[in-house]
Amino acid sequence: MSEPTHNNTEHLFLRDGGEMGELILNVDWANSALGPIDQWPQSLKTNLGNLLHSGFPMFLFWGPDNLCFYNDAYRPSLGREGKHPAIGKPAKEVWPELWDFIGSLIHSVNLSGKPQWFENQLLPIYRNGHLEDVYWTFSYSPAYGEHDRIGGVLVTCMETTQTVLARKKIEETVAERTRELKIANEAITLSNSYLQDIINSFKQPLQVLEPVYENGKIIDFRFKLTNKAYASYAHESPGSIQHRRVSEIFPGYLKTTSFSNVVKTFETGEQDTWIIHYDQDGLDLYNEMTAIKMGDEVILHFADFTKLKHLELELLKKIEELEISNQNLEAFAHAASHDLKEPVRKIQIFAGRLRSALKKSQTPLNLEPLDKIENAAERMGHLIDDLLLYSEFHIIPLQKEPVDLNERLNQVIDDFEIYIQEKNASIQIGPLPIVPGYARQLQQMFQNLIGNALKYNRPDEPPHIVISARPHQENGKLHHIIEVADNGIGFDQQYAERIFQMFARLHGNGTYTGSGIGLSIVKKVVDNHEGHIEVASTLGQGSTFKVYLPAE
């Protein structure tokens, strides 16, 4: 479909109509049932003007084919992929999975002129690559056209999936709690021995407490009923602590929420659940406690996750130790790289002197071993430089600044000027955004990506590099996708993850030189900017790197 151009002043109803307004302008309507925009009826323009300039999600079915229009507020409901763009398409084509329902609604509104209203209606739709269960609150209303006749159906809608699921979750939780309370109530009505047998079967600690008052104030609680799982914390049996004060068994509990929160539940009648680290009375426990008032008593039960918490604390300690180890390793790599530069420099100097001395010798000599020494020293020098550069990128600057990627890229192109000429390369550059970040790191990112594209070119074809950018929504946040595409030698896609690893090389030194650190540096720069990088490649046809950088 071609992309006709329009003067926005000609179509006032589309002015400032957002992304969908622009999309309508770019559709080739001349070949559609509606014809060119200039020939559209005023009623359609009016309906679209109201729709496009509304902040509420709206959808319009127009004409005999029920052509689809919608505004920017509705666009997220179509998901990341699948139906969008659906502007100008017949409704039956856009909504095949719902057409039995939608088609009858549209027909009913067109026939009767009466609006239809639905609340929290389940309508599974195809979006994000699969069929999703989606709940909607919406209305279908007549949209009047010329001569006061119904020209279409206007849909105002709101997706309520999260609300419905949250309500169902609450209902399930309430039902579960109700079930527990019912079980507890039924158990309490049984004989003490029978009730004790039941609660002893619970693996989680359970208590039934009654308050102890002094001067009208709750100062303690008394055990009315406990189970073995709870009594075991005191190395007692349920019968031996029955009717005794809790503070007699666990005096430290008066200082904790296992007392104060139970008092609050008893006084307010509101159920409460909380996490407590009980470190009194020689104990070190992590529990999730729940208090429920029942008559003049409080039922208290808890889930002991002490072992799990200790494992978590141990894991956090190991992670902290690992981070310290990594920091020490990075510091060592940085220091070692600095220390290695001097020996390598001396090897190169004395190898040069040796070459000069041997050239002055009257005896013919084979200098091939010396060539290998010098080549190895040069490669070692490049590797040390790359290691130094990689270690520097582990130090993230304190504050980001606005970075014009056009300026950074131009500087890299200028640095590669001679190399580009030698390769007879062509570089096509689109406009790049300004992003929050670290200028030096982003420039190094471009330098490594473009350097790779120039280096790994096919012998029979000069390098051609295309650099572009576009906005992208990801997890509700705006990102910029920076693409660097080349026509080089490419690689097998199965190595797409491996190439970002340290020292990863898919080609031997005999064909292409390098340390295998360049793309590791690129990934580190992207990680430092809280973004991510992807690559798609075909062996013998080139590679495309996509860098996702947050816009804010």
Side-chain polar contacts of residues 143-153 - donor-acceptor pairs under 3.5 angstrom, sequence neighbours left out - could you list them?
from	atom 1	to	atom 2	distance (Å)
Glu146	OE2	Ser43	N	3.0
Glu146	OE2	Ser43	OG	2.7

According to side chain to side chain donor-acceptor pair (under 3.5 Å), who are the partners of [X], at least two apart in sequence or on a separate chain?
{"X": "Asp415", "value": "Gln411"}
{"X": "Trp274", "value": "Thr257"}
{"X": "Glu159", "value": "Arg127, Thr161"}

- Find the distance between CG (Asn71) and CD (Glu19) and round it off to the nearest 0.5 Å. 11.5 Å

- Item | Aromatic ring pairing His472/His479, orientation class (parallel under 30°, perpendicular over 60°, tilted between) |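 The rings of His472 and His479 stand perpendicular, inter-plane angle above 60°.
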
- Message: Ring-plane angle category for Phe59 and Phe61, please: parallel below 30°, perpendicular beyond 60°, tilted otherwise.
- Response: tilted

Would you kindly say whether [X] and [Y] are connected by a side-chain donor-acceptor distance under 3.5 Å?
{"X": "Thr160", "Y": "Asn120", "value": "yes"}
{"X": "Tyr135", "Y": "Lys168", "value": "yes"}
{"X": "Lys92", "Y": "Asn66", "value": "no"}
{"X": "Glu461", "Y": "Asn457", "value": "no"}

- Got a salt bridge between Lys83 and Glu97, using NZ or NE/NH1/NH2 to carboxylate O under 4.0 Å? yes

- Answer yes or no: is there an ion pair linking Glu312 with Lys309, defined by an N-O contact shorter than 4.0 Å? yes

- Message: For the CG atom on Asn475, are there more than 12 heavy atoms of other groups (residues, nucleotides or ligands in this structure) within a distance under 6.0 Å?
- Response: no

- Item | Student check: side-chain heavy atoms of Thr290 and Phe302 closer than 4.5 Å |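 Not touching, per the 4.5 Å side-chain cut-off.
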
- Query: Does the side chain of Gln121 come within less than 4.5 Å of Thr137's, by heavy atoms?
  - Reply: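 Thr137 does not reach Gln121 side chain to side chain.
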
- For Pro462, which residues count as a side-chain contact (heavy atoms from CB on, under 4.5 Å) partner, sequence neighbours excluded?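 With sequence neighbours excluded, Pro462 shows a side-chain contact (heavy atoms from CB on, under 4.5 Å) to Asn424, given in chain and number order.
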
- Task: Report yes if the distance between the aromatic ring centroids of Phe101 and Phe118 is under 6.0 Å, otherwise no.
- Result: yes

- Query: Under 6.0 Å between the ring centres of Tyr70 and Trp95?
  - Reply: no

Tabulate below the donor-acceptor pairs under 3.5 Å that side-chain atoms of residues 540-550 make, not counting sequence neighbours, or state none.
from	atom 1	to	atom 2	distance (Å)
Ser543	OG	Ser537	OG	2.7
Tyr548	OH	Glu534	OE1	3.3

